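Reading through the structure tokens given below for one structure.
Here the structure is a predicted model, which is why all the values come from computation and not from measurement. Below, each value reflects all heavy atoms present in this structure, side chains not excepted, and no hydrogens, waters or symmetry copies.
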Amino acid sequence: MDKASSECPYPGCFFCVMKEGNPSKRRASVLKFFRELPSQDDDGQVLPISGLWNTAMAHPNDPEFIEVGVFECMAALIWKGLKNRRWISHDQNIYIPYYAAHIIGSYTMNMEEFAESAVHAGVIPPLVELLRGRLTWVEQRVAVRALGHLATYASTFPAVASQGEILELSIQLAMSSLEIVFSHFYQYVDRRLSYHCDLLTRGMGGVEMESRKAEEWASQLQCWSLQLINCFAFKPEFLPTICKPEFLVELPGMWGGLVNENSPAGIGLLRTICHQKLGRGPVAACPGVIEALCNIARSSDDWQYMAIDCLLWLLQDPNTCHKVVDKVVPALVDLAEITTLGDHKKLGDSILNVLQDCIQSQGSGKSSISNRTIEEIENLLNSKQRFKWEKNMPREDLHIKQAASLVVKLEGNSLFSSGNISGAASKYSEALALCPMRSKKERVVLYSNRAQCYLLLQQPLAAISDATRALCLHRPVNRHAKSLWRRAQAYDMIGLAKESLLDAILFINECSQSSDPDISLRQNKVPDYAERLVKKQMRAAWLFREAAIKHGGVHSQGEGGNIYGPETDDSEWETASESDIGNDGRDDMGDDDDWNNDDKRKDYDKPSLKGIFTI
């Protein structure tokens, strides 16, 4: 041992043990340390546990501690914290169950053999006690994370599933997690437990950072609960427990928020459910879920493809097709010209094939489809047939059609400028009928222009449909700035805050990267109309919004606060048409799409992107 080690006041100190240069001695010392630690009542036990936590996070695949009893030690420490109130309230021992559960989760997230060792060490029962809420939500968060990792592997899932209450507890936690964190921590600033604050900020932040991290951890608590439930959802025997209407209707709204955008959350679980025959029936029986899936399928959500998969599977199943077809087909028709979405290739072809099968099923009497839905599908099939015909047309004829389409579009622009919005929309429809199918850039413009008309005519659903079609045709997909902005406004008009927010943020991002002088951000400033919409929707889509309304808002030092969390903007939000265009919007349409009105863009002294994505 070196001099520092010999002067250590803690006999058998973990940090001193780790400095041992002889591998066999070090192994023996670590083994002894793990065996003896749970029975010791010395001060300072949190220090080696926090050191282990750092090691587990940095080197989760290192087998050194797995082989010498780290899981047995962590399980014993959790039990000690649960059973010995005197011990857990002494010194800083209150931190230990949290760190112990976190260490278990870190060492089991990648390696199945480590997970098997953890199960054999008996970690599941104490984790279940934490999941049940025997301590606080902070420990629930790391317990559900660890159990989710253990449930991921085929060899350890049965051990998790054998604890019958885990699934029910996870469902309850997914539904109540945001409310729990809000009411137990976020709401009353002066009542926050100090060790919660320390864990959230690592002692590096004040009240604002605590609040931000609490929102992130609340989202993780919900998303990790959904991940654990998802492991059960692959097994048909658990679907009756999962597919209860009161839970299914909540799933589309569980989206992780901007603080946890990498989790598929509720839509990921719905996709797993819809992939199985036993799951599709309950989903099809929930109209609200079907409507939400259609909205997500039409959105710029990263998990858009998951919603599309759900809709396709529901249509392909003869037991659910007739229940959902009239609601699902309009959304899929809007998406039929999409080509690649992430790793999904030829997605539009898949949509077309499924819709074609629906028509054939109708002809054979296997399903009942409304005449309007049949007409939508047939129009789509005709457009695809038109694309094939145009391949064989002489180039000169195609040029004539494109020129005629341009003339009609210009007529539409003129009508728009004169205030005849309805007439302009009709002209854009006529131009679309003339425009060659392969002229995708021009069709993007026509759909986007018509979407603007529908916005001004107070027809948000039609605007969403056209903007979505423009975004599907655009390359890259979902990146046409003007269509994103129009759809963001249309979603705002029907109260879909999350979808509006995602489109508005993408619109700003596209503007920041655009070389088009009409939409590029001047001096890297966010247009005030876009900033206002983002702020409005961030408040409306705030993870704690429903909990804040239910429990009466945020309180600081005994005073009532804003029910929407920290204030961001007190300005009134205008209607979609007012905020975008000014007056009645007639100056907004130009010869090559829109944005020719400079009046609304002359003041850019607003916060940059960095400042607007906070509540």
Apply the test salt bridge (Lys or Arg N to Asp or Glu O under 4.0 Å) to residues Arg545 and Glu215: give CA-CA distance (whole Å), side-chain angles for both, the deciding distance (0.1 Å), then the verdict.
CA-CA 11 Å; Arg545 178 181 171 85; Glu215 185 174 349; over 6 Å; no
Test Asp309 against His344 for side chain to side chain contact (heavy atoms under 4.5 Å, CB included), laying out the working first.
CA-CA 10 Å; Asp309 283 346; His344 284 55; 3.5 Å; yes
Could you walk me through whether Val123 and Met74 satisfy the side chain to side chain contact (heavy atoms under 4.5 Å, CB included) test, starting with their C-alpha distance in whole Å, then the side-chain angles of each, then the deciding distance to 0.1 Å, before giving a yes or no?
CA-CA 8 Å; Val123 302; Met74 296 305 107; 5.9 Å; no
Given the rule in the salt bridge (Lys or Arg N to Asp or Glu O under 4.0 Å) test, do Arg372 and Asp326 qualify, once you have shown the distances and angles that lead to the verdict?
CA-CA 8 Å; Arg372 181 175 178 179; Asp326 289 331; over 6 Å; no
Should Glu179 and His184 be marked as a side chain to side chain contact (heavy atoms under 4.5 Å, CB included) after you check the CA-CA gap, both sets of side-chain angles, and the distance that decides it?
CA-CA 8 Å; Glu179 183 176 346; His184 290 192; over 6 Å; no
Any chance you could lay out the salt bridge (Lys or Arg N to Asp or Glu O under 4.0 Å) test for Arg132 and Glu165, step after step, and finish with the verdict?
CA-CA 9 Å; Arg132 190 182 284 120; Glu165 60 186 326; 2.3 Å; yes
So Arg487 and Asp466, salt bridge (Lys or Arg N to Asp or Glu O under 4.0 Å) or not? Walk me through it.
CA-CA 9 Å; Arg487 195 171 67 176; Asp466 271 2; over 6 Å; no
Checking Ile351 against Leu311 for the side chain to side chain contact (heavy atoms under 4.5 Å, CB included) test, could you report, in this order, the C-alpha distance in whole Å, the side-chain angles of both residues, the deciding distance, and whether it holds?
CA-CA 10 Å; Ile351 292 172; Leu311 298 180; over 6 Å; no
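Aromatic pair Phe185/Trp217: centroids not less than 6.0 angstrom apart. Two rings, from Tyr186 and Trp542, have their centers less than 6.0 Å apart. Remark: aromatic rings of Phe232 and Phe157 are close, center separation under 6.0 Å.
Looking only at atom types and distance, the side chain of Ser106 has a donor-acceptor partner in the side chain of Arg145 under 3.5 Å away. For the residue pair Thr468 / Ser465, no side-chain donor-acceptor distance below 3.5 Å is found, with atom types taken as modelled. No side-chain N or O of Thr241 forms a donor-acceptor pair with one of Glu168 less than 3.5 Å apart. For the residue pair Ser225 and Ser170, no side-chain donor N or O sits within less than 3.5 Å of a side-chain acceptor on the partner. With hydrogens and angles left out, the side-chain atoms of Thr201 and Glu210 include no donor and acceptor closer than 3.5 Å. Using modelled atom types and a 3.5 Å distance limit, the side chains of Asn478 and Gln304 yield a donor-acceptor pair. Side-chain atoms of Thr136 and His196 form a donor-acceptor pair, as typed in the model, at a separation below 3.5 Å. Side-chain contact, Tyr107 with Asn61: no donor N or O sits under 3.5 Å from an acceptor N or O.
Between Lys213 and Met209 the shortest side-chain heavy-atom distance falls below 4.5 Å. Between Glu510 and Leu484, the closest side-chain pair of non-hydrogen atoms falls below 4.5 Å. Within the 4.5 Å cutoff, no side-chain heavy atoms of Cys321 are placed close to those of Leu314. Counting heavy atoms from C-beta on, the side chains of Pro282 and Leu248 come closer than 4.5 Å. Within the 4.5 Å cutoff, the side chain of Leu347 has heavy atoms near those of the Ile308 side chain. Residues Leu533 and Leu501 fail the side-chain proximity criterion, which asks for heavy atoms closer than 4.5 Å. Within the 4.5 Å cutoff, side-chain heavy atoms of Leu270 are placed close to those of Val289. With a 4.5 Å cut-off on side-chain heavy atoms, Asp357 and Leu315 do not count as touching.
The pair Glu546-Lys550 does not meet the salt-bridge criterion, since no charged nitrogen lies less than 4.0 angstrom from a carboxylate oxygen. The residues Lys327 and Glu376 are annotated as not salt-bridged, no charged nitrogen and carboxylate oxygen being separated by less than 4.0 angstrom. Residues Arg134 and Glu139 are not paired through a salt bridge, judged by the lack of any N-O separation under 4.0 Å between the basic side chain and the carboxylate. Between Asp301 and Lys498, at least one side-chain N (NZ, or NE/NH1/NH2) sits under 4.0 Å from a carboxylate O, which counts as a salt bridge. A salt bridge does not link Arg469 to Glu337: none of the charged nitrogens lies less than 4.0 Å from a carboxylate oxygen. With salt bridges taken as basic N to acidic carboxylate O contacts below 4.0 Å, one links Glu531 and Lys535.
When all heavy atoms of His480 and Ser448 are compared, the closest pair comes out as CE1-OG, 3.7 Å. When every heavy atom of Ala174 is checked against every heavy atom of Gln222, the shortest pair comes out as O-NE2, 3.0 Å. Nearest heavy-atom pair, Arg475 versus Cys472, reported as atom, atom and distance to 0.1 Å: NH1-O, 2.9 Å. Taking all atoms of both residues into account, the shortest heavy-atom contact from Phe238 to Ala161 is CZ-CB, 3.9 Å. Looking at every heavy atom in both residues, Cys243 comes nearest to Gly279 through SG-CA, 4.2 Å. Considering all non-hydrogen atoms of both residues, Gly256 and Leu543 come closest at O-CD1, 4.0 Å.
Here the side chain of Ser500 pairs no donor or acceptor atom with the backbone of Leu496 at under 3.5 angstrom. Between the side chain of Thr108 and the backbone N or O of Ile104 there is at least one donor-acceptor pair closer than 3.5 Å. Formation of a donor-acceptor pair under 3.5 Å by the Asp492 side chain with backbone atoms of Ala488 is not found in this model. In this structure, the side chain of Thr272 engages the main chain of Gly268 through a donor-acceptor pair within 3.5 Å. At distances below 3.5 Å, not a single donor-acceptor pair connects side-chain atoms of Gln187 with backbone N or O atoms of Ala547. The backbone N or O of Ser263 sits less than 3.5 Å from a side-chain atom of Trp303, completing a donor-acceptor pair. The backbone N or O of Arg280 sits nowhere less than 3.5 Å from a side-chain atom of Thr320 that would complete a donor-acceptor pair.
In this structure, Arg202 is positioned above the aromatic face of Trp53, its NZ or CZ under 6.0 Å from the six-membered ring centre and within 45° of the axis. Annotation: cation-pi pair Lys482/Phe507 absent, no NZ/CZ under 6.0 Å from the ring centroid and within 45° of its normal.
For the atom pair CD of Glu113 and CE of Met111, the computed distance is 4.0 Å after rounding to the nearest 0.5 Å.
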